[in-house]
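Written below as structure tokens is the structure these notes are about.
Both backbone and side-chain heavy atoms feed into the values below; hydrogens, waters and symmetry mates do not. For ligands, and for the atoms within them, numbers begin at 1 and follow the listed sequence.
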Amino acid sequence: MSEVLEHAIPEYLQQERTKPSKLPASYVPPFPAYVSRYPRSIKEIVMAIIGVQYRSKDLDDGVVISQLSEFMTASSSKSIQPTSWELASVTDQAGAYNVAIIAYWPSAATHKEWGSASGFEAWWQGLEAGETHGWFLEVLSPSMDRWEDVYSGNEAIEGAAHMREGVSGPIHEHAYWGSMRDRIPAAQTDDLAGEAVGSSTLDGGKTASRVQVPGRKNLAVIRSGQDWSATLPEERRLYLETMHPVLLKGMNFLRDHGSEIGCYSCRLMSIIDAGTQKPDKDRTFGLAYFDDLASLEKWSREHKTHLDIFGGFLQYAKKLNNEISLEVFHEVLVLRPEQQYFEYIGCHTGTGMLAALTK
Ligand code: HEM
């Protein structure tokens, strides 16, 4: 079987390694996984998280989200609209209700053009912190050598994959610890070392006004998604009873104790239907920011909360004889400082990368 497995890294981004791969000798993965194949013309992907933070859920009257959604579809900027976008929400550790758009563009230039043509940029610059809510903007623009995605199936398409031109065959580099790094082109020649989380992080209160957080060296971002919408009742029950609780535990650990292990922020977000603005409860994603790819690896490889998720998944697959309709995927980005833009207006200080600001 191994001769038909594909390299996760596309040929044009392959380099002679100075950093050895962790791929075990004669390795055959226990189950298949696939990666997106993007057109070579795409040099970078822009992922923008544009959100509003209400002090509590009952303050959300849907108006702001409709307004934000209109920027995504503004006809003045049809050719430069995001390739895909979705709404997602989370009630965070401070009890604040965050609703965000997560949107993708195929270049920084298109994203910039959209910002001005749609009116978003001018609107954003004019915002002020409100009594009931704050705002956040997180724009991540990895070059393709600092991006990897992996899917449990070869049909589901999420996020950036809407701009892919195809999907790989089953890949070689997955399901062993270190495989994430082996799929990142830049890691062939670079350790991608980051900067440790500062010793003292802000908490409590809200930021008075507009705060920009500078980019960090090799910030590692993961968006890990789960979609159980296609599951039949037996699998759905198994997912909700065995997988969802351990996922929640893991995400709560990263959210509440992440700073102990190099995680700045973690949000387990539920996808919301853009039309009804109601949660589509069958899809979630964890969005987490780490100081270093090595910290993310360490948590996934060693911490009980991810080992429970991982172990739970193996049992889940076994119980269903590998006939699984659950789709899981992730997108991992390791960013240069200039590939990050974080701005917060009147949000509480535990929001996103605000946690990276030390007192
Ligand atoms: C790796 C399962 C959620 C972080 C893996 C692997 C599995 C798995 C099976 C090995 C994948 C492969 O390479 O083929 C799951 C399931 C999840 C889940 C079933 C949810 C239901 C998460 C979340 C995060 C995360 C939310 C972080 C926010 C990681 C990382 C790796 C990994 C970083 C790669 C480790 C490496 O290659 O060194 N997970 N996971 N996972 N997972 Fe999870």
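Ring-plane geometry between Tyr344 and Phe342 is classed as parallel, the angle between the planes falling under 30 degrees on a 0 to 90 degree scale with a further cut at 60. Below 30°, between 30° and 60°, or above 60°: for Trp105 and His111 the angle between ring planes is above 60°, a perpendicular geometry.
Under the rule for a side chain to side chain contact (heavy atoms under 4.5 Å, CB included), the partners of Glu302 that lie at least two apart in sequence or sit in another chain are Lys298. Residues forming a salt bridge (Lys or Arg N to Asp or Glu O under 4.0 Å) with Glu235 (at least two apart in sequence, or on another chain): none.
Of all the heavy atoms of Met251, the ones lying under 4.0 Å from any atom of ligand 1 belong exclusively to the side chain. With a 4.0 Å heavy-atom cut-off, ligand 1 is reached by the backbone of Met180 and by its side chain too.
For ligand 1, the atoms closer than 4.0 angstrom to any heavy atom of Leu296 are 33 (C). Those atoms of ligand 1 that come under 4.0 Å of a heavy atom in Leu247, given as number and element, are 20 (C), 26 (C).
At a 3.5 angstrom cut-off on N or O pairs, Tyr239 does not count as close to ligand 1.
For atom 43 (Fe) of ligand 1, protein N/O/S neighbours under 2.8 Å (waters excluded) are His306 NE2.
A donor-acceptor contact shorter than 3.5 Å is absent between the side chain of Glu158 and the backbone of Gly225. For the pair Glu327 (side chain) and Ala156 (backbone), a donor-acceptor distance under 3.5 Å is absent. Under a 3.5 Å cut-off, the side chain of Tyr239 and the backbone N or O of Tyr316 do not form any donor-acceptor pair. Here the side chain of Trp114 pairs a donor or acceptor atom with the backbone of Phe71 at under 3.5 angstrom.
In this structure, Arg267 pairs ionically with Glu138, as a charged nitrogen and a carboxylate oxygen lie closer than 4.0 Å.
One side chain, Glu331 or Tyr104, offers a donor N or O that lies under 3.5 Å from an acceptor on the other.
At least one heavy atom of Tyr176 sits less than 4.0 Å from an atom of ligand 1. For the ligand labelled ligand 1, residue Arg183 lies inside the 4.0 Å heavy-atom shell. Ligand 1 lies within reach of Trp299, whose nearest heavy atom is under 4.0 Å from it.
Remark: of the listed residues Val46, Ile49, Ile50, Val46 is the sole one forming a side chain to side chain contact (heavy atoms under 4.5 Å, CB included) with Val139.
Taking atom 14 (O) of ligand 1 as the reference point, the nearest protein heavy-atom neighbour is His174 ND1, 2.7 Å. Considering only non-hydrogen protein atoms, atom 28 (C) of ligand 1 sits nearest to Ile222 CG2, 3.5 Å. Protein heavy atom nearest atom 36 (C) of ligand 1, with residue, atom name and distance: Gly178 N, 3.5 Å. Closest protein heavy atom to atom 12 (C) of ligand 1: Ala175 N, 2.9 Å. The nearest heavy-atom contact from the protein to atom 21 (C) of ligand 1 is Gln226 CG, 3.6 Å.
Among residues at least two apart or in separate chains, ring pair (Phe, Tyr, Trp, His ring centres under 6.0 Å) pairs with a member in residues 148-170 are Tyr151-Phe329.
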